Amino acid sequence: MAGRRVIPGFGLSLGFTLFYLGLLVLLPLAALVVKASSLGFAGFAQVLGSPQVQAALRVSFVSAAIAALGNGLFGLLLAWVLVRYRFIGRRAIDALVDLPFALPTAVAGIALATLYAPQGWIGQWFARADIQIAYTRAGIVVALTFVGLPFVVRTLQPVLLDLDAEVEQAARSLGASRWQTFSRVILPALVPALITGMTLAFARAAGEYGSVVFIAGNMPGQTEIAPLVIMTRLEQFDYAGATAVGAAMLAVSLLLLLAVNLLQAWTRRKLGGA
Amino acid sequence: MSIEVTGVSRLYGAHRALDNVSLTVQDGELLALLGPSGSGKTTLLRVMAGLEQADAGSVNFFGQDARQQSLRQRNVGFVFQHYALFRHMTVFENVAFGLRVKPRRDRPPRREITRRVQELLGLVQLDGLAQRHPSQLSGGQRQRVALARALAIRPRVLLLDEPFGALDAQVRRELRQWLRKLHDDIGLTSVFVTHDQEEALELADRVAVVHRGRIEQIGTPQEVYHRPQTPFVVSFLGSVNLFHGRIEQGRPVLHDNDGRPTTRIFVRPHDFEVSSQHGPDSVPAILELANTAGPLARLQLRDTKGRAIAVELSLERFRVMRLARGDQLYLTPTQAQVFAT
């Protein structure tokens, strides 16, 4: 810390950072854990042991994972097109990507439910093939994909912009086919950003409430998501039960984020970082 | 004849990057494409490599029309200006890349790949760095990785785009000599692009001077330096003084006081006879500045019309003459390049 920095006050800024994080993030989380622990171990186990809660947690995390994977694939495609090609309406499409951020989630949920309902514009075509989307787990995945899309696109775009076109030409001049150039040169450079984007999309989707409840159908044990279980328990003034489910979600999320961070560090080491 | 470029033009919108360029690269030679930035030299190199298509004209590759060949078939080793190394791969993997992406039937077995990569790393003096990543290397080392990677596919020609452009002067000089030696050892036909005339003259067997999308002159370094064919070549290859004058009895007359100027006369700074006595056809000038920090004394003079003239003298002669600022001197060219106006 002896060297002169452009911006002074390491002590002050670190102190403020810790205070701010503590106030905004750690304090509410601590309150959550404290409240949940008022149940005692037996009560905690009883809440989490209930099939309804377990099913809801599973629905939330599994749907979020599927949505994140889908977003990884199509977000990559979308980011690629937006960065690599110049076409009329590119800026408009680029702006559209942010819409899931800006739209109130309830509005998105109602819109999606209307579209994908058996009588809806899109749902009716699926209904003919006897496939129902709204009010099923498929509907949950659709809503979670919608809210997660911007995360993948926005984390990939700057990395794609930064990719040196000469690197691709180098691969081509060394005799690599188009596919080899993509899979061996371009994709590895994108993997860290792709993982980050998918993690953000996943984290957002796991806790998503507003857009999902309208399209999910909310059948306990079938299409009920964990945040809804928490809401229901709150409405029944079962605060401890609600916080117990919340604490469980928190623990799973933390574990998953930790795993992703380890994966990230591993790929960075393997890919040489930079 | 390795590469034969015939009547090639390349347009970027309205800008003519290459204008009807023809050029033949001889087998085994080291050819420099020398020119200022924006002259089209890099475009020419990229057209030869097949990284860019010509709008007109043809490129012939070892007797075959290059347009019918894919990049893989052309088998060109290309070294990019900023190296374009694969950042996520180790040095070893970078060099092995061209071998690993070969179609299965042409791909050497794993052990052979390892052997060849080790051999190449030895050639570019990077043994022991095989497991490093490009970000852990210096500029000169990266340059050599790029070279080894290009050589791994056993190319028929090696094309280098400003190979030393991004390096500092010291490394640059070392690498230059090293590249010349490497070329002599492996005898691979090579073409490199540079804007540094010293580099081109020192390194190349032949130099092609490129200007505004055309080749102004092509020849050995001695030819282009001592027998420049265009005013551009004279002025690009080292500093030069321009006079408007005429030729009288086979001798250049530098002043145009009497009679109309009919020729442009270029005189290099070291091609002056400096005297304190007036001589026939000498130009009077006043000494303004003298810089003696270097192997030569570099003088700046001003003639009667207020034009600056750069002159170089040996330090010894400078001391013997006891020159000082404000001295009246007389300059007589010992050698000049003359072009009609």
Side-chain angles (χ1 to χ4, degrees), chain A residues 72 76 79-80 83-88 155-199 260-274, chain B residues 42 45-46 48-52 69-104 106-107 131-137 145-155 157-162:
Chain A
L76 173 61
W80 181 269
V83 170
R84 284 303 167 99
Y85 302 107
R86 294 288 168 270
F87 51 91
I88 299 166
T155 45
L156 276 176
Q157 263 176 328
V159 183
L160 266 171
L161 271 175
D162 201 36
L163 267 193
D164 190 359
E166 280 198 341
V167 171
E168 282 162 59
Q169 291 175 353
R172 298 280 286 147
S173 81
L174 289 166
S177 64
R178 281 172 199 280
W179 168 247
Q180 283 170 327
T181 305
F182 177 76
S183 63
R184 288 172 182 247
V185 174
I186 298 171
L187 197 59
L190 296 181
V191 160
L194 193 60
I195 294 178
T196 305
M198 284 168 63
T199 310
V260 168
N261 268 328
L262 288 175
L263 177 68
Q264 192 78 289
W266 179 75
T267 49
R268 198 165 292 151
R269 222 177 13 255
K270 189 159 163 56
L271 305 181
Chain B
T42 294
L45 192 78
R46 292 171 62 87
M48 285 187 197
L51 292 171
E52 232 161 282
Q69 295 175 307
S70 67
L71 277 179
R72 179 179 278 168
Q73 287 168 332
R74 269 194 216 204
N75 199 15
V76 168
F78 200 97
V79 177
F80 291 83
Q81 185 178 1
H82 301 290
Y83 322 137
L85 295 178
F86 307 129
R87 277 189 291 186
H88 60 281
M89 294 183 200
T90 60
V91 167
F92 184 95
E93 287 303 319
N94 263 285
V95 178
F97 184 85
L99 301 172
R100 293 209 201 279
V101 296
K102 277 181 189 287
R104 196 171 293 273
D106 303 335
R107 196 184 309 156
Q131 294 313 314
R132 297 270 188 94
H133 278 92
S135 58
Q136 298 165 306
L137 301 180
V145 175
L147 195 60
R149 182 178 69 175
L151 290 174
I153 56 170
R154 300 220 166 116
V157 250
L158 184 64
L159 306 178
L160 307 106
D161 186 6
E162 296 269 1

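All values reported here derive from a predicted model rather than from experimental measurement.
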Checking [X] against chain A: side chain, backbone, both or neither under 4.5 Å from a heavy atom?
X	result
B/Ala146	neither
B/Leu99	neither
B/Arg100	both
B/Arg149	both

Query - Nearest-0.5 Å distance that lies between atom CG in B/Leu51 and atom CZ in B/Phe80 - result: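 Answer rounded to 0.5 Å: 5.0 Å.
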
| Euclidean distance, A/Thr196 OG1 relative to A/Leu156 CG, rounded to 0.5 Å |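 The distance works out to 9.0 Å.
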
Test item: B/Val76 and B/Leu71 side chains (from C-beta on) under 4.5 Å apart, heavy atoms: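 B/Val76 vs B/Leu71: side chains apart.
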
Table please: side-chain donor-acceptor pairs of residues 163-172 of chain A below 3.5 Å, with sequence neighbours left out.
unit_1   : atom_1 : unit_2   : atom_2 : d
A/Asp164 : OD1    : A/Glu166 : N      : 3.1
A/Glu168 : OE1    : A/Arg84  : NH1    : 3.2
A/Glu168 : OE2    : A/Arg84  : NH1    : 3.0
A/Glu168 : OE2    : A/Arg84  : NH2    : 2.9
A/Gln169 : OE1    : B/Arg46  : NH1    : 3.2
A/Gln169 : OE1    : B/Arg46  : NH2    : 3.0
A/Arg172 : NH1    : A/Ala176 : O      : 3.3

